[in-house]
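The block underneath contains the structure these notes are about, expressed in structure tokens.
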Amino acid sequence: MTETTPPQTYDHASTERRWQRQWEERALYRASDDSPKPKYYTLEMLPYPSGDLHVGHAKNYTLGDAVARMMRMQGYNVVHPMGWDAFGLPAENAAIQRGIDPSQWTHQNIANMERQLRLLGTSYDWSREIASCEPEYYRWNQWFFLKMYERGLAYKREAPVNWCPKDQTVLANEQAEGGVCWRCGSPVERRNLSQWFLKITAYADELLNGLDDLPGWPERIKTMQRNWIGRSQGVTFSFEIERLGQHIRVFTTRPDTTFGVTFLAIAAEHPVVAKLLEISKRSGEIERFIQGVKNKSELERTSLMEKDGVFTGIYAVNPLSHERVPIWVTNYVLAEYGTGAVMGVPAHDERDFEFARKHALPIVQVILPPGTTEPETLHEAYVSEGRMIASGDFTGMASKRGLRAVGDRLTQLGVGEWTVNYRFRDWLLSRQRYWGTPIPIVYCETHGEQPVPYAELPVLLPTNIPITGEGSPLARDENFMRATCPVCGGPARRESDTMDTFMDSSWYFLRYLDPHNDREPFSTALAQHWMPVDQYIGGAEHAVLHLLYARFFYRVCRDMGLVEGDEPFTRLFNQGTLIYGGEKMSKSRGNVVGIDATVEQHGVDAMRLFLLAAGPPEDVTDWTDTGIQGRVRFLNRLWRLADAAAPRLRELPVDPLPATATPQEKSLLRALHLAYKSALDEANTRRFHFNTTIARLDEVLNALTELSRTPGGEKNVVYLQALRGTLLALAPFAPHIAEELWERMGGEESIHLQTFPQPNAGVLALDEVTVVVQVNGKVRARLQVPPRTGEEDVAALALQEPAVQTQIDGKTLRKRVYVPDKLLNLVVS
RNA sequence: GGGGAAGUGGCGGAAUCGGUAGACGCAGACGCCUCAAAAGCGUCCGGGGGUGACUCCGUGUGGGUUCGAGUCCCACCUUCCCCA
């Protein structure tokens, strides 16, 4: 046989396929519930099965997998599960637009995405997989709902919502942007509809204060949650309406400005409006205004629209100053926030100022800014503290003290009380949609609203029913709607609303711990063993939605005795997005780089390395088609060296610290141990900047290449042992090639079950260090000296340097700064 | 409008504690190998000046603190994110 050229590249496709199969067969990543090792729960946010993964998704899962593998190799019993957020609108839209069964659509997508996740070489424990659309899962949503119902945490009430008159359904705020239905384009209305809520506000203070106990969370996420909860302390008090004998209650955080009230602003939906209409002479005008306001979405009302209003012709009385103040119906006060009415103090509130300007209402200054003695014409509201004026008994008081004093006076007068108000509202759980968890409630003509008995769970979502996109499919399905009353056994109607899908993701991390339990949502003992999640990884888009709901849910579980502790996620890491061609990857932009084609062309190890090396994981990073080439080259270079060395390594006993002789050997070993240190530091400080670790591995390969080219290099023991070490350091990031070469080198067991090597201080130490010599802060020379050389010795050497001499010649030495092993700065003049 | 984060070569980025700016990679230039190409290998690669040893400038802009600033402080500009 004639001599053939050896293969230049390794066959990534067959290698990757082979090891993925082997790992699965050997259940390599199965987490044991009773391991003596310390537990580590690492988790990526579960995906919605939209159909296809692109390299942007891969960035997230690759990081999570690198973390899981690093912890596993450090001796932790790692649980790293994966599942599917499988209920939701896209499946239903596929049904509406293309007549595809939502269940079938979802299951096809799950099958495909699971295949793709396996393709990524992720080390998930698939035996724990869950899909939220399965009755085995959603029955426990219903179970939790009933438990919350019993505890008064789930309740039904009327609330204003976005309503599309054509499609006959409620819409989420983001589905009604610009005031029109996202599907049919009809203008949406605000409607008061009876809806199910979860009482998350009952935990408001706990959710707020708990943030202080989460040092492992990004500060900005905590700030966002604090702002979202929006706790404010103030006074709720009443203004009596003239000629009506009724009151309007207002909430204010600034009772010290009560004497500056020049109008009352109430929401168009405020219940008192009906009464006002009865006695107002201007009812026609008011009704026209209200009609215009009601059609607008909340988004438009709070941010887009100019502040507007209409005077009712009716007055109320300020309980402190006894002045008459006009009552206005406005578009900038929301019925759902506070009391649905605010006192208008234009001098000291920006929105009130703007409103007063527009409608020529008086602006009465009652707080003087420090350093002023007379009220001046205001060009904008003065919202800070100062001295109170024109405020009856309180005149002359500092406003900070006045705030308390006025609040207390209102309380003493019996017209008000100190209250705490929150910006966020209870969680609206109802959806008039098909593809979700049915709410387990029936309505009996005699016994009214009744919970479905636990024994009858799950209330199954019917399959094969028509989905047209108009109205609730469940409400029209007679078989589903017909039920019996659990109290009297008589006929009853089912609740046709389904649950918001954030219900599913509020507790899925607990179900992973006990995914096949058919007696309870999860075993308390297993939750105690594994919880809390040690590391949670996901995008920042869920900062106030999922992450707040899950914290609420966990506390409810705690109060039910199902879990211990308050917080489900000890540490949170926010991934940055991956952009391509300057834009976020998305189907609609047509700039999606799919993972199937990428993996086929370059191999998944190269892709994983590129995604990790592209930049810090929390940053927005760029996908480039050429960048991955560098990682392909890296793997091929490593392959050529390691594959050739494998036969020798099979004969060579493992020795992590071979004796070095030459400077080249020393610098190779040092590079390797710096790579170990980098990987361990990044994993254990949770900085996760593995981009720097991969740069260290590049340097190791450069050093390996260099040593392999010295005479006899390929037999050099240091070189050979370093190759073995390189594979161990690479294993968490490029698991397939590392495993393949490990096997070829005669490694026992899987490389992924090995212990990650520890950096050795002796190896890291340098024989010589470079000390920079500066004159007046500018580098003039570099000295090679042994570590920890004394200042006098370094100074003596420095003065012999010609470049230093010319700089200090004829000048006086003023100061000498010495940083051992780093620098000597000579200050002269 | 308010709050937050970030601005470093042609590009992605490194410099983790105030101490050699530009590690590592991509792209590019030149060379080797080859009939040729691909792959691979080698050298160079912030800007100005100089044959060269070198030298001056340089981390968005302008100030400041310091022996010394990409890093700390103040103001401004730009971009992105969140809230309104």
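When reading the values below, keep in mind they use all heavy atoms of this one structure, side chains included, and skip hydrogens, waters and symmetry mates. If you're wondering where the values come from, they're calculated on a predicted model, not measured in any experiment. Throughout, a chain's letter reflects where its sequence line sits, starting with A, and its residues are numbered from 1.
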Ignoring hydrogens and geometry beyond distance, is a side-chain donor-acceptor pair present between [X] and [Y] at under 3.5 Å?
X      : Y      : answer
A:D426 : A:T201 : yes
A:H736 : A:D605 : yes
A:E618 : A:Q575 : no

Q: Please step through ring pair (Phe, Tyr, Trp, His ring centres under 6.0 Å) for the pair A:F610 and A:W623, ending with a clear verdict.
A: CA-CA 9 Å; A:F610 176 70; A:W623 175 266; 5.1 Å; yes
Nearest-Å distance once atom [atom1] is located in both [N] and [M]:
N     : M     : atom1 : value
B:G13 : B:C24 : C1'   : 9 Å
B:C17 : B:C73 : P     : 13 Å
B:G60 : B:C56 : P     : 22 Å
B:U55 : B:G22 : P     : 16 Å
B:G52 : B:G47 : P     : 15 Å
B:C32 : B:A38 : P     : 15 Å
B:G12 : B:A27 : P     : 15 Å
B:C35 : B:C44 : C1'   : 29 Å

Q: By nearest nucleotide on RNA chain B, pick out whichever of A:K778 and A:R351 is the more 5' one.
A: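 Looking at RNA chain B, the more 5' nearest nucleotide goes with A:K778.
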Pairs under 3.5 Å (N/O, protein and nucleotides 1-10 of chain B):
none

Q: Measure from the side-chain heavy atoms of A:R633 and tell me the nearest of B:C24, B:A27, B:C41.
A: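 Ranking B:C24, B:A27, B:C41 by closest atom to the A:R633 side chain puts B:A27 first.
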Q) Among the nucleotides B:C56, B:C67, B:G25, which one has an atom lying closest to any side-chain atom of A:R780? A)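 The listed nucleotide nearest to A:R780's side chain is B:C56.
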Q: Only pairs at least two apart or in different chains count here, so list each salt bridge (charged side-chain N to carboxylate O under 4.0 Å, His left out) that has a residue in residues 766-775 of chain A.
A: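 Sorted result for residues 766-775 of chain A: A:K666-A:D767.
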Q | Parallel, tilted or perpendicular, as decided by the 30° and 60° cut-offs, for the rings of A:W328 and A:H359 | A |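 Tilted.
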Q: Hey, can you tell me if A:Y10 and A:H12 have their rings parallel, tilted or perpendicular (30° and 60° cut-offs)?
A: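 Rings of A:Y10 and A:H12: perpendicular, as their planes differ by over 60°.
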Between [atom2] on [N] and [atom1] on [X], what's the gap in Å once rounded to a whole number?
X      : N     : atom1 : atom2 : answer
A:W623 : B:C11 : CH2   : P     : 21 Å
A:F610 : B:C11 : CZ    : P     : 16 Å
A:H602 : B:C26 : NE2   : P     : 13 Å
A:Q629 : B:G28 : CD    : P     : 11 Å
A:R814 : B:G68 : CZ    : P     : 14 Å
A:I694 : B:C26 : CD1   : P     : 13 Å
A:Y10  : B:G40 : OH    : P     : 15 Å
A:L813 : B:C67 : CG    : P     : 14 Å

(Q) Using O4'-C1'-N9-C4 for purines and O4'-C1'-N1-C2 for pyrimidines, with syn meaning within 90° of 0, is B:C77 syn or anti? (A)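 B:C77: anti.
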Q. B:G9: syn or anti, with syn meaning chi within 90° of zero?
A.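 Syn for B:G9; the angle stays within 90° of 0.
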Q) What does nucleotides 13-21 of chain B look like as a protein-contact string, B for base, S for sugar-phosphate only, - for none, at under 4.0 angstrom between heavy atoms? A) SSSB--BB-
Q. Quick one: is the NZ or CZ of A:R423 closer than 6.0 Å to the six-membered ring centre of A:W228, and within 45° of its axis?
A.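 Yes, cation above the ring, under 6.0 Å and within 45°.
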Report yes if the side chains of [X] and [Y] come closer than 4.5 Å at any heavy-atom pair, otherwise no.
X      : Y      : value
A:L611 : A:L578 : yes
A:Q225 : A:L207 : no
A:L612 : A:H689 : no

Q. Is the count of non-hydrogen atoms from other residues, nucleotides or ligands lying under 6.0 Å from A:Q629 atom CD greater than 12?
A.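 Correct, the count exceeds 12.
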Q: Give one of base, sugar-phosphate or nothing for A:R423, where a contact means two heavy atoms less than 4.0 Å apart.
A: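 The answer is sugar-phosphate, as A:R423 gets under 4.0 Å only of primed atoms, P, OP1 or OP2.
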(Q) If you take the centroid of each ring, where Trp contributes its six-membered ring, are A:Y549 and A:H546 closer together than 6.0 Å? (A)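 Ring centres of A:Y549 and A:H546 not closer than 6.0 Å.
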Q.
Taking the ring centre of each residue, are A:F733 and A:F690 less than 6.0 Å apart?
A.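 Ring centres of A:F690 and A:F733 closer than 6.0 Å.
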Q | Listed once per pair and sorted, the side-chain hydrogen bond (donor to acceptor under 3.5 Å, both in side chains) pairs that draw on residues 341-351 of chain A, sequence neighbours left out | A |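 The answer is none; no pair qualifies.
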Q. Does any residue of residues 703-712 of chain A have a heavy atom under 4.0 Å from RNA chain B, and if so, which ones, in number order?
A.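 Residues of residues 703-712 of chain A that come under 4.0 Å of RNA chain B are, in numerical order, A:R709.
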Q | For RNA chain B, stems built from three or more consecutive Watson-Crick or G-U wobble pairs below 3.5 Å | A |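 The stems that RNA chain B takes part in, listed by first number, are B:1-7 with B:77-83, B:10-12 with B:24-26, B:28-32 with B:40-44, B:46-49 with B:54-57, B:60-64 with B:72-76.
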**Q.** Interatomic distance, A:L211 atom CG to A:R551 atom CZ [nearest 0.5 angstrom]
**A.**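 With rounding to 0.5 Å, CG (A:L211) is 4.0 Å from CZ (A:R551).
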